[in-house]
Amino acid sequence: MNMQFQLNDVTKKLPKHLHKFVVKQPYEEYTAQNQAVWRYVMRINVDYLSKVAHKSYIKGLAKTGISTEEIPYMDGMNRILKDIGWAAVSVDGFIPPNAFMEFQAYNVLVIASDMRTINHIEYTPAPDIIHEAAGHAPIIANPEYAEYLRRFGEIGCKAISSAKDYEMYEAIRLLSILKEDPNSSDKEINAAQEEVEFLQDNMGELSEMAQIRNLHWWTVEYGLIGTLENPKIYGAGLLSSIGESAWCMKDEVKKAPYSIETANINFDITKPQPQLFVTPDFAHLSLVLEQFANKMAIRKGGLKGIQKLINSKNLGTIELSTGIQISGVFTNVIADENNKPIYFQTTGLTALSNRDKELIGHGVENHKGGFGSPVGKLKGINIPIENMSPRDLEAYQIYEGKRIFLEFEGGLKVVGDVITGTRDLRGKILIISFENCTVTHNETILFEPEWGTYDMAVGKEVISAYGGAADINSFKDESEVSKTKTHKIKYSEKERALYSLYEEVRSMREANSVSEKNLTIIFNQLKKDFSNDWLLNLELYEVALQHHFLIQEEILSYLLVLQKNETYKKLIENGLNLLNVEQSEI
């Protein structure tokens with residue numbers, strides 16, 4: 001197998017079905033202008049965020065091996081991240097929410113490998129390496145926050161999705177890709193935007209996955225911490241955006257206390273956020289997460305849990321009170337007058353497990369056509385089957401070789417010849433297998449003898465329901481990496497010529513070997529051929545300042561002319577302010 005990433009103590013624990021989302025970091029594709037954008041954003045951020053970010057941020061930059069001078073190599077980050085029990089892998093843009101959460105559960109950050117263009121230097125609609133590496137990584141150096149992130153992934157990857165969630169994911173992924181690509185047409189972008197807005201307006205009741213994705217957005221991505229009057233930034237979306245990190249501190253952006261109600265507040269990933277939520281501390285994040293988890297089907301089970309799985313139309317699992325787990329696509333449930341499930345049914349490949357390990361003889365090859373079973377207690381008998389001792393089972397004539405009639409509360413009837421029983425290590429009976437078996441509910445036949453052996457799961461109630469399989473090895477991995485790929489930007493000859501100039505200036509600065517003559521030649525070429533490029537002029541001005549070249553005045557004058565363009569005004573102003581601070585220290 002051709003691995004796209006190096007295995008280490010953390011990543012070697014990743015299940016194989018997540019490997020397909022990992023791509024090789026395309027470091028050689030980053031242009032010299034990309035490197036300059038990274039350097040500009042990071043230097044501005046570190047200067048500004050040292051005043052407004054949570055105290056863990058600046059300390060975390062050093063701990064996670066992230067430099068302001070160059071885009072980080074993933075391998076280098078991993079060598080440092082392993083010391084705090086984490087790792088990072090490179091992915092292509094957005095990946096499905098459940099996969100994203102599962103990576104997090106294994107202490108692995110997924111880092112979008114692309115780099116924002118200069119046109120989106122303040123805010124990018126697509127995930128990029130600034131957002132992921134410089135936004136997420138530094139904060140996980142805080143142990144309390146890192147545990148919140150891991151726990152969030154652990155709970156989030158079990159959330160039940162709706163049938164529309166994946167459709168929304170694909171629509172947002174396409175829109176973000178188109179918006180980041182300077183070669184996209186307005187027609188393409190508008191059509192993608194309309195599709196996202198249509199889906200947002202027609203999602204129906206929010207699924208667990210949609211709700212927990214909202215919680216993730218308003219904390220991990222766009223969270224503030226402290227007081228409403230004096231909040232600090234910890235969300236990666238804010239930490240990585242020089243536009244929004246300043247914007248979010250203004251009074252125009254509403255600040256509200258973070259609570260479980262935030263799960264119902266949707267977001268638009270392609271626009272700056274109109275309101276943000278403030279947690280008093282990282283411990284409160286974990287409190288809200290537990291409050292939400294307590295409402296999820298994984299902890300509530302019951303009829304609603306099965307109904308969520310049926311509505312999702314995706315692979316899911318229920319666990320009965322005995323510990324037996326049934327994984328498949330759930331298609332039917334029968335409930336009694338008290339809204340308690342008395343029978344459930346899957347269709348297609350199904351596997352039975354206990355403690356997340358598939359039971360021998362009960363994989364998908366044994367249950368190709370689905371699985372159905374009663375749930376509950378026998379009518380008129382106080383002791384549930386799961387609590388019956390061998391003596392009780394004999395007394396009620398439930399033993400091998402015996403033809404028995406079982407009537408459950410709610411009207412389910414099972415008649416057949418007992419073949420055997422399957423127990424767990426503690427002796428609790430999980431499955432009773434029958435030959436010549438008929439299962440009925442009132443007049444409805446649910447299983448007939450001609451269908452073969454009937455395996456009845458034992459359990460008085462459904463204690464849990466969640467997305468995905470109990471044993472990840474039970475099912476062939478049929479999830480797919482999105483067919484919509486991040487666009488590889490095609491550069492013109494003129495653009496490549498500009499990037500060569502960026503590379504020259506970068507080499508001069510790093511080697512600390514530069515002549516005023518060479519600098520002047522580059523400056524004149526910029527004015528002649530690339531009159532709108534402000535960032536390289538800013539870098540030229542920095543080098544001229546450092547070496548006290550006379551041309552610094554001419555470059556500054558030209559920057560001030562460029563600054564009259566509203567598109568660059570604030571960007572140039574921020575850059576000059578940063579240089580003035582550095583100049584006073586030389």
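The basis for the numbers below is simple: all heavy atoms, side chains too, and nothing from hydrogens, waters or symmetry mates. From a predicted model like this one, the values you see are computed outputs, not experimental measurements.
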Handout entry: Trace of the salt bridge (charged side-chain N to carboxylate O under 4.0 Å, His left out) decision for Glu566 with Lys569
Key = CA-CA 5 Å; Glu566 284 298 320; Lys569 182 177 175 61; 5.1 Å; no

Problem - Test side chain to side chain contact (heavy atoms under 4.5 Å, CB included) applied to Tyr57 and Lys232, step by step - result: CA-CA 10 Å; Tyr57 178 74; Lys232 299 293 184 183; over 6 Å; no

Practice task
Please assess Ile118 against Val37 for the test side chain to side chain contact (heavy atoms under 4.5 Å, CB included), listing each intermediate value before the final yes or no.
Solution key: CA-CA 6 Å; Ile118 194 170; Val37 167; 4.1 Å; yes

Practice task
Go through Phe282 and His54 one step at a time and tell me if the ring pair (Phe, Tyr, Trp, His ring centres under 6.0 Å) criterion holds.
Solution key: CA-CA 11 Å; Phe282 288 142; His54 186 268; 4.8 Å; yes

Problem - Verdict with reasoning, Asn34 to Thr31, per side chain to side chain donor-acceptor pair (under 3.5 Å) - result: CA-CA 5 Å; Asn34 289 152; Thr31 68; 3.3 Å; yes

Problem - Steps toward side chain to side chain contact (heavy atoms under 4.5 Å, CB included) verdict (Gln291, Ser286) - result: CA-CA 9 Å; Gln291 289 174 341; Ser286 296; over 6 Å; no

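How far CD of Gln33 is from CD1 of Ile121: 8.5 Å, rounded to the nearest 0.5 Å. Atom CG of Asn537 sits about 5.0 Å away from atom CG of Leu526, to the nearest 0.5 Å. For the atom pair His120 NE2 and Asp128 CG, the distance stands at 11.0 Å (nearest 0.5 Å). Separation of atoms CD (Glu170) and CE (Met168) is listed at 12.5 Å; rounding is to 0.5 Å. How far OH of Tyr568 is from CG of Asn532: 4.0 Å, rounded to the nearest 0.5 Å. Atom CD1 of Ile160 is separated from atom CG of Leu315 by 11.0 Å, given to the nearest 0.5 angstrom.
One N or O on the side chain of Asp165 and one on the backbone of Ser162 form a donor-acceptor pair closer than 3.5 Å. Lys20 places a side-chain N or O within donor-acceptor distance of the main-chain N or O of His17, the cut-off being under 3.5 Å. Looking only at distances, a side-chain donor or acceptor of Ser245 sits under 3.5 Å from a matching main-chain atom of Ser241. Of the possible polar contacts, one joining the Tyr558 side chain to the Ser531 backbone as a donor-acceptor pair under 3.5 Å is found. Of the possible polar contacts, none joining the Asn142 side chain to the Ser56 backbone as a donor-acceptor pair under 3.5 Å is found. Of the possible polar contacts, one joining the Asn190 side chain to the Asp186 backbone as a donor-acceptor pair under 3.5 Å is found. Using modelled atom types, no side-chain atom of Tyr258 and backbone atom of Gly223 make a donor-acceptor pair closer than 3.5 Å. Formation of a donor-acceptor pair under 3.5 Å by the Lys494 side chain with backbone atoms of Asp529 is found in this model. Although no hydrogens or angles enter the test, the distance criterion places no donor-acceptor pair under 3.5 Å between the side chain of Asn98 and the main chain of Cys157. Not one N or O on the side chain of Tyr541 forms a donor-acceptor pair closer than 3.5 Å with the backbone of Leu536.
For Tyr222, the side-chain hydrogen bond (donor to acceptor under 3.5 Å, both in side chains) test picks out Glu244, with sequence neighbours left out.
Of all heavy-atom pairs spanning Thr317 and Ser327, the tightest one is OG1-OG, 2.7 Å. In terms of heavy atoms, Leu538 sits closest to Gly575 at CD2-CA, 3.7 Å. In this structure, Gly135 and Leu239 approach most closely via the heavy-atom pair O-CD1, 3.5 Å. Closest of all the heavy-atom pairs between Ala133 and Pro138 is O-CD, 3.3 Å. Pairing each heavy atom of Phe330 with each of Gly316, the nearest pair is CE1-O, 3.4 Å. What you find for Ala88 and Leu81 is that their closest heavy atoms are CB-CD1, 3.8 Å.
With respect to the salt-bridge test (charged N to carboxylate O, under 4.0 angstrom), the residues Glu221 and Arg213 do not qualify. Arg173 has a carboxylate O that lies under 4.0 Å from a charged side-chain N of Asp92, or vice versa, which qualifies the two as a salt bridge. By the 4.0 Å N-to-carboxylate-O rule, Glu167 lies too far from Lys164 to be salt-bridged with it. At a threshold of 4.0 Å, the pair Glu147-Arg150 counts as salt-bridged, since one of the basic side-chain nitrogens sits closer than that to a carboxylate oxygen. The pair Glu510-Arg506 meets the salt-bridge criterion, since a charged nitrogen lies less than 4.0 angstrom from a carboxylate oxygen. Under 4.0 Å is where a charged nitrogen must lie from a carboxylate oxygen, and between Arg299 and Glu290 at least one such pair does.
No side-chain heavy atom of Thr346 sits less than 4.5 Å from a side-chain heavy atom of Thr331. When side chains are defined from C-beta on, Leu576 counts as touching Leu560, because their heavy atoms get closer than 4.5 Å. Taking the side chain as every heavy atom from C-beta outward, Ser90 and Val23 approach each other to under 4.5 Å. At least one side-chain heavy atom of Ile212 sits less than 4.5 Å from a side-chain heavy atom of Met101. A heavy-atom distance below 4.5 Å is found between the side chains of Tyr234 and Thr279.
Using bins of under 30°, 30° to 60° and over 60° for the plane-to-plane angle, the ring pair Tyr148/Phe152 lands in the perpendicular bin. Using bins of under 30°, 30° to 60° and over 60° for the plane-to-plane angle, the ring pair Trp218/Phe277 lands in the perpendicular bin.
Between the side chains of Gln104 and His216, at least one donor N or O lies within less than 3.5 Å of an accepting N or O. No side-chain donor-acceptor contact under 3.5 Å links Glu503 and Tyr499. Side chains of Asn314 and Ser161: no donor on one and acceptor on the other come within 3.5 Å.
The number of heavy atoms from other shown groups lying within 6.0 Å of CD (Glu252) is above 12. By the neighbour-count criterion of 12 heavy atoms within 6.0 Å, atom NZ of Lys255 is densely surrounded, having more than that number from other residues, nucleotides or ligands. Counting non-hydrogen atoms of other residues, nucleotides and ligands closer than 6.0 Å to NZ of Lys527 gives a total above 12. Under a cut-off of 6.0 angstrom, the local environment of NZ in Lys528 is sparse, with at most 12 non-hydrogen atoms contributed by other residues, nucleotides or ligands.
Aromatic ring centres of Tyr73 and Tyr27 lie closer together than 6.0 Å. A centroid separation of 6.0 Å or more is found between the aromatic rings of Trp86 and Tyr106. Aromatic pair Phe103/Phe100: centroids not less than 6.0 angstrom apart.
Applying the salt bridge (Lys or Arg N to Asp or Glu O under 4.0 Å) rule to pairs touching residues 530-540 yields Arg39-Glu539, Arg509-Glu539, sequence neighbours excluded.
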Only distances under 3.5 Å count here; give the side-chain donor-acceptor pairs of residues 259-267 to other protein atoms, sequence neighbours excluded, each with its distance to 0.1 Å.
from	atom 1	to	atom 2	distance (Å)
Ser259	OG	Glu261	N	3.3
Thr262	OG1	Ser259	N	3.4
Thr262	OG1	Ser259	O	2.7
Asn264	OD1	Gln211	NE2	2.9
Asn266	OD1	Asn214	ND2	3.1

